[in-house]
Amino acid sequence: MADIVIPAEFLPTDGRFGCGPSKIRGAQLEALVTRGATILGTSHRQKPVKDLVGSVRQGLADLFDLPDGYEVVLGNGGSTAFWDAAAFGLIEQRAENLSFGEFGSKFAKAAAAPWLQAPHVVEAPGGSRAELEIVEGVDVYAYPHNETSTGVMAPVVRAAGDPGALTVVDATSAAGGAAFDVSATDVYYFAPQKNFASDGGIWLALFSPAAIERVERIAASGRYIPEFLSLKNAVDNSRLNQTLNTPAISTLLLLDDQVQWINASGGLAWADTRTKTSSSTLYDWAESVDYAAPFVRDPDHRSQVVATIDLDDAIDAKAVAAVLRANGIVDTEPYRKLGRNQLRVATFTAIDPDDVQKLVGAITYVVGALQS
Ligand SMILES: *Cc1c(COP(=O)(O)O)cnc(C)c1O
């Protein structure tokens, strides 16, 4: 098995198909060296780094065509830190959490903080989708735009709950790869190691005026909030193009380059078409062969940025992924806790649709070789 050599005609130009950290384009890495030469290794309290943060915030405002009054906020710690920050500074009394995979369930755990009422958790098994339920007394409705662990996507819609209830969307793996209506959300948060082709460690979010008002009100209420997880602190610092403590400047540089690239290529609509093209290539192929099938049964729920493909039990998906890896095609293994005989492929914006086409050829070749 280890000696299966995939013919060159099926080898993608770039073999990175992981869901995060994900493919970083060569031009971004070059920008690290060129543009980075005057910024890396300099103070984050001086103008060059603040200008970089400002450029990221402006680039995201352009990309998402930010409605009036919305602000781009950022802080250190990644999306996981944002869940705790939200428990301290965004959820007033009770959240509703849609949980249909690993990431939605993790926010539900953070929202079960002792100073809050137990969240209303709506669960659905992996591969399917939970739907919003309107519940009196819920002041934050939270769901993932894309559940990365299973490849299920949810439409971005406002939860029509109590007056003032906020719609808070985990867009970690969707942002920058899928078009949606920003005005349907109050907080649309993400980290840059997926469609934004950067490294992890920071979170970014689009905040509506209502969400900022909520943050201000809870901060003034006297609730204990650790400084590092204070959203009020993040809002105040972001307005000055800075973060509470030292950010990873290389992460910001890679992110800024990717945002500029997407904006120059045609913006979110362009990225949306590109990821749909790539994921359709995988789903169409999986439906056309008898040994594979999309894991997500309902075509409407299938993700355009993370395609999960089940293989027939007669073919060991682990072996397929291992042969791909030995040939330089990496990170097609499924989400570790899902435990399925599956390949999971990111079709993020940086990933070339032609490379996804080649990947399908490579998988077909490997399956044939393993069976002979
Ligand atoms: C990757 C991911 C996270 C975790 O992001 P970190 O930056 O590693 O904390 C959260 N939610 C979703 C949907 C993800 O895909």
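All figures in this text were calculated on a predicted structure; none of them were measured in a lab. For reference, positions follow the sequence shown, starting with 1. Remember, it's 1-based here, ligands and their atoms both numbered in the order they're listed.
Residues Lys318 and Asp316 are not paired through a salt bridge, judged by the lack of any N-O separation under 4.0 Å between the basic side chain and the carboxylate. The pair Asp352-Lys358 does not count as a salt bridge, with every side-chain nitrogen at least 4.0 angstrom from each carboxylate oxygen.
When heavy-atom distances to ligand 1 are checked against 4.0 Å, the residues falling inside are Gly78, Ser79, Thr80, Trp83, Phe103, Asn146, Thr148, Asp170, Thr172, Ser173, Ala191, Gln193, Lys194, ordered by chain and number.
To the nearest 0.5 Å, the span separating CE on Met153 from NE2 on His145 amounts to 4.0 Å.
When the ring-ring contact (aromatic ring centres under 6.0 Å, His included) test is applied to Trp261, the partners found at least two apart in sequence or on another chain are Trp270. In terms of the side chain to side chain contact (heavy atoms under 4.5 Å, CB included) criterion, residue partners of Glu227 (sequence neighbours excluded) are, by chain and number, Asn233, Leu244.
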Using atom types as modelled, flag every donor-acceptor pair under 3.5 Å from a side chain in residues 365-372 to any protein atom, sequence neighbours excluded.
from	atom 1	to	atom 2	distance (Å)
Ser372	OG	Ala369	O	3.1

